[in-house]
Amino acid sequence: MIYILVRCLALTHHSRTINMKMKFQVFVFLLFPFVTASDVSVSSRRPYAKYESIFNFGDSLSDTGNYLAVGAPGFPQIAHLPYGETFFGNATGRASDGHLIVDFIAEAFGLPSLPPYLKQTGGPYKKTGMNFAVFGATALDAEFYYAKNQGPFLFTNDSLSVQVGWFKKWKSSICTSKQERHKYFKKSLFLVGEIGGNDYHIPLLYIGAPIEQVRPLVPLIIEAIINATTAIIEEGAANVVVPGNLPIGCLPAYLTRFQSSNRSDYNPITGCLDAFNEFSKYHNRLLIQALKTLRKKYPRARIMYADYYGASIGFYYSPKLYGFSGGSITACCGGGGPYNFNISSLCGQPGSTVCDDPSTFVNWDGNHWTEAAYRHMAKGLIYGPFTSPPL
Ligand SMILES: *[C@@H]1O[C@H](CO)[C@@H](O)[C@H](O)[C@H]1NC(C)=O
Ligand SMILES: *[C@@H]1O[C@H](CO)[C@@H](O)[C@H](O)[C@H]1NC(C)=O
Ligand SMILES: *[C@@H]1O[C@H](CO)[C@@H](O)[C@H](O)[C@H]1NC(C)=O
Ligand SMILES: *[C@@H]1O[C@H](CO)[C@@H](O)[C@H](O)[C@H]1NC(C)=O
């Protein structure tokens with residue numbers, strides 16, 4: 001521990017940010033030595049981790065082009081502007097106007113944006129990571145939904161376990177020996193999610209089932225996330241981030257679908273639907289609990305919980321504080337209505353319009369966040385208190 005402390009301090013001159021991060025790190029060390037004691041074996045990645053690559057699994061919150069690579073069959077708008085208008089100037093398959101959280105995380109660790117696994121570039125693998133996330137992906141497998149006659153609601157069959165399957169297949173193509181691979185994965189960051197949002201959209205948003213009927217599904221979704229995380233750790237992952245769910249009661253899609261004349265359904269400050277936000281929190285509580293158990297099973301792995309809810313809820317309480325003068329619960333891009341969300345005229349479809357300045361909006365298209373919102377969330381996750389233990 002002393003060794004690490006000295007090492008950390010020796011690095012503090014590098015930059016102000018690192019310096020501040022290190023102070024916090026050292027503080028955590030002194031205060032909670034027991035928390036970090038088991039990490040000594042992987043101390044080489046301190047200070048604040050020097051990940052050499054990032055691997056990502058998830059849905060449209062982190063898909064950087066996989067769904068587009070297979071033609072985006074259920075959401076062709078993603079292939080065109082205004083998607084990507086802010087940063088890329090063209091559509092990349094990201095469900096936003098620009099960068100996603102995973103892009104900002106890669107940037108913070110000095111790595112390029114993750115290449116989408118399904119987009120064959122033909123070039124050699126650059127060793128900086130790979131993205132397996134797919135727009136619309138569910139935590140549970142497609143069979144689960146087909147068995148309930150809910151298959152038609154799926155955007156894709158490429159569920160979390162399918163993505164983990166791709167990873168297992170792919171990994172044998174990169175390094176020669178298992179030992180070599182384990183060494184490589186030890187210096188990698190793995191992100192498992194956000195995932196599960198689509199599993200809830202199907203019964204809640206598309207079918208309109210009451211929340212109480214959907215609650216029993218939550219432990220199953222958590223189990224699927226834990227199964228995937230376990231599989232990834234078994235493959236050699238030593239640094240795994242598992243994000244929770246976001247406040248879905250603040251999404252224009254939910255606010256439009258569940259418009260209510262009963263004022264007590266709404267949070268008086270944010271205007272969000274309280275019951276749906278409570279549902280997100282319930283999912284997150286079960287996930288945090290399950291991760292605690294998983295840490296006991298794998299004490300050598302650094303298993304981090306990323307509080308996406310906490311990193312974003314401030315936008316809705318104090319939008320102006322973050323520069324969101326345009327709106328927090330109104331979409332930047334959409335087909336009108338009180339929340340600028342219209343299921344018959346989605347962002348990118350005829351009849352929809354785009355706001356002048358997406359950076360003043362929290363929400364992009366009714367179901368996804370703007371680049372500006374993702375940037376704030378990423379900051380809170382990387383430098384702030386919203387990843388625990390810290391990244
Ligand atoms: C998705 O999975 C279902 C059930 O397993 C199958 O019937 C269907 O053909 C699959 N669709 C695609 C596009 O692979
Ligand atoms: C999780 O893994 C266990 C053990 O392989 C399996 O029995 C269970 O069905 C899986 N659960 C989900 C939701 O995938
Ligand atoms: C309004 O909603 C609240 C909670 O959401 C509920 O307790 C109350 O019974 C509802 N009132 C009416 C008139 O439906
Ligand atoms: C939603 O879009 C449809 C199709 O463009 C249009 O006819 C309808 O008026 C729109 N609804 C609202 C509330 O703007």
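All values derive from a computational prediction rather than experimental measurement. Order of listing sets the numbers, starting from 1, for every ligand and every atom in it.
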Fill in the blank from the handout: Near ligand 1 (heavy atom, under 4.0 angstrom), the protein residues are E143, Y146, N157
Practice task
For the residue pair H99 and F104, categorise the inter-ring angle as parallel (less than 30°), tilted (30 to 60°) or perpendicular (more than 60°).
Solution key: tilted
Handout entry: Ring centroid separation F315 to W369 under 6.0 Å
Key = no
Completion exercise
Under 4.0 Å from one or more heavy atoms of N342, ligand 4 contributes atoms 1 (C), 2 (O), 3 (C), 8 (C), 10 (C), 11 (N), 12 (C), 14 (O)
Practice task
Evaluate the ring planes of F55 and F185, with Trp represented by its six-membered ring, and classify them as parallel (under 30°), tilted (30 to 60°) or perpendicular (over 60°).
Solution key: perpendicular
Fill in the blank from the handout: If we number the atoms of ligand 4 from 1 as shown, the ones under 4.0 Å from a heavy atom of G335 are 14 (O)
Problem - Donor-acceptor contact below 3.5 Å, side chain Y67 vs main chain G74 - result: yes
Practice task
Please identify which atoms of ligand 2 are closer than 4.0 Å to at least one heavy atom of A224.
Solution key: 13 (C)
Completion exercise
Numbered in order shown, the ligand 2 atoms found under 4.0 Å of a heavy atom of L220 are 13 (C)
Practice task
Could you please spell out the steps behind the side-chain hydrogen bond (donor to acceptor under 3.5 Å, both in side chains) verdict for T138 and N198?
Solution key: CA-CA 5 Å; T138 46; N198 292 304; over 6 Å; no
Problem - I222 CD1 to N284 CG distance, which is reported to the nearest 0.5 Å - result: 7.5 Å
Problem - Within-shell test, S345 vs ligand 4, heavy atom, strictly < 4.0 Å - result: yes
Problem - Ring center gap for F155 and F135 short of 6.0 angstrom - result: yes
Exercise for the section: Rounded to the nearest 0.5 Å, what's the gap from OG1 on T360 to NZ on K320? Could you check? Expected result: 10.5 Å
Problem - Non-neighbouring partners of Y200 that pass ring-ring contact (aromatic ring centres under 6.0 Å, His included), sequence neighbours left out - result: F279, H283
Handout entry: Contact check: S344 vs ligand 4, nitrogen or oxygen atoms, below 3.5 angstrom
Key = no
